[in-house]
Amino acid sequence: MMKSFNCASAVSDPKSRSCLCSLVVVASLICGAYFISSGFINKEYKDRLSRWEMINMLQNSQFNMCKIRCRPLGSEALPQGIVVKTSNLEMQPLWSDTVKTGNPKPSANLLAIAVGIKQKEIVDRIVKKFPSRDFVLMLFHYDGIVDEWRDLEWSDHAIHVSAVNQTKWWFAKRFLHPDIVAQYKYIFLWDEDLGVDNFDPRQYLSIIEDEGLEISQPALDPVKSEVHHQITARRRNSRLHRRIYKFKGSGRCDDRSTAPPCIGWVEMMAPVFSRAAWRCAWYMIQNDLIHAWGLDMQLGYCAQGDRMKNVGVVDAQYIVHLGLPTLGAMAENEAIKFYTS
């Protein structure tokens, strides 16, 4: 039979009394530590909460300030919902709310070419390669002749801009502002003296998207083209290339080369820019720029990263540079010879 516990005898026992006192002291210390630490933790929590509230207030203040200050200049007085920062080159109908062109969605890319009437046949061949559902077409007429293009089936769907004896860079600076072309994923800014028999725009876009090229150009057929720079010449059995190798003469190019024209370089005759790259490049174009000589060496700044990776020449889709004089000095017989040979 178990003995009942006698509280009085336990207290009267010296050993038990000592043990009990120790327990009371330990319990008191634990309680004291708990209450003291709770006070510190509570204070720290309140301090942190206060800091978070302050940070949140600052962020909201900065956001609200940016909503005002980050508006386009001149739009500060307008209600927020009415401000439209960008535009596009899509034509709108006069008498209805919907465009009946067969294009349910706006075109995703832009083809802009500086043209003269003497190269009408060449330009017609170029334009027909670019599907209208994928590309907006803009022609820069440097000879001032526009009406003689009206007989071409695509002419009424193109944007025609005319200014006598101006180059495509003059036009581009004034009519391709980044906010105007912000809708377009890629911008083809081409010369007119190009043969496109071996070029497919859709295949080209697929390649540069896969490879992450922000600035690019189609390679040039080295047999039929007037090639000014070795890096633009097409390589057989190659999808694309980003560098060249040159071991003889001046200006050698090897695996250690990190700058144009050995790597990260395209020519100004048929460049293709991503939306982001064009926004950067537009700001580099000076108002008095004519032929863009020297601009090609600086395009690496606009590669959206490493120009050794993001700038390249596409071999799988290539063109022919006819090398014809432009701005009204067209060698008409040379163009006819090319297309009849």
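The structure displayed is predicted, hence computed values, not measured ones.
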A.B. asks: Mind checking whether Asp296 and Trp265 have side chains closer than 4.5 Å, heavy atoms only?
C.D. replies: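 Yes; the side chains approach each other to less than 4.5 Å.
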
A.B. asks: Search all heavy atoms of Glu209 against all heavy atoms of Tyr186 and return the closest pair with its distance.
C.D. replies: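 Nearest pair, atom of Glu209 first, then Tyr186: CG-OH, 3.2 Å.
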
A.B. asks: List in chain and number order the residues that pass salt bridge (Lys or Arg N to Asp or Glu O under 4.0 Å) with Asp151, two or more places apart in sequence or in another chain; answer none if no residue qualifies.
C.D. replies: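 Asp151 satisfies salt bridge (Lys or Arg N to Asp or Glu O under 4.0 Å) with Lys120 only.
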
A.B. asks: Can you tell me how the ring of Trp154 sits relative to the ring of Trp149, calling it parallel under 30°, perpendicular over 60° and tilted otherwise?
C.D. replies: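 The arrangement is tilted - the two ring planes meet at 30° to 60°.
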
A.B. asks: According to a hydrophobic-cluster definition based on side-chain heavy atoms being under 4.5 Å apart (Ile, Leu, Val, Met, Phe, Trp, Tyr only), do Leu240 and Met308 belong together?
C.D. replies: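 Leu240 and Met308: separate clusters.
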
A.B. asks: Shortest non-hydrogen contact from Val320 to Lys224?
C.D. replies: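 Shortest heavy-atom separation between Val320 and Lys224 comes out as CG1-O, 3.6 Å.
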
A.B. asks: Does a salt bridge link Asp210 with Arg239, judged by any charged N lying under 4.0 Å from a carboxylate O?
C.D. replies: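 Salt bridge present between Asp210 and Arg239.
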
A.B. asks: Hey, are the side chains of Arg243 and Cys262 touching, using non-hydrogen atoms and a 4.5 Å cut-off?
C.D. replies: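 No, their side chains stay 4.5 Å or more apart.
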
A.B. asks: Charged N to carboxylate O under 4.0 angstrom, Asp179 versus Arg279?
C.D. replies: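 Salt bridge between Asp179 and Arg279, a charged N being under 4.0 Å from a carboxylate O: yes.
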
A.B. asks: Going through the distances and angles, do Phe130 and Trp190 end up as a ring-ring contact (aromatic ring centres under 6.0 Å, His included)?
C.D. replies: CA-CA 13 Å; Phe130 288 78; Trp190 280 17; 5.5 Å; yes

A.B. asks: Tell me the closest heavy-atom pair linking Lys309 and Arg242, and the distance in Å.
C.D. replies: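 Nearest heavy atoms, Lys309 then Arg242: O-NE, 2.8 Å.
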
A.B. asks: Should we count CZ of Arg256 as having more than 12 external heavy atoms under 6.0 Å?
C.D. replies: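 Open: at most 12 neighbouring heavy atoms sit under 6.0 Å from CZ of Arg256.
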
A.B. asks: Sequence neighbours excluded, which residues qualify as salt bridge (Lys or Arg N to Asp or Glu O under 4.0 Å) partners of Lys128?
C.D. replies: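 Lys128 satisfies salt bridge (Lys or Arg N to Asp or Glu O under 4.0 Å) with Asp124 only.
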
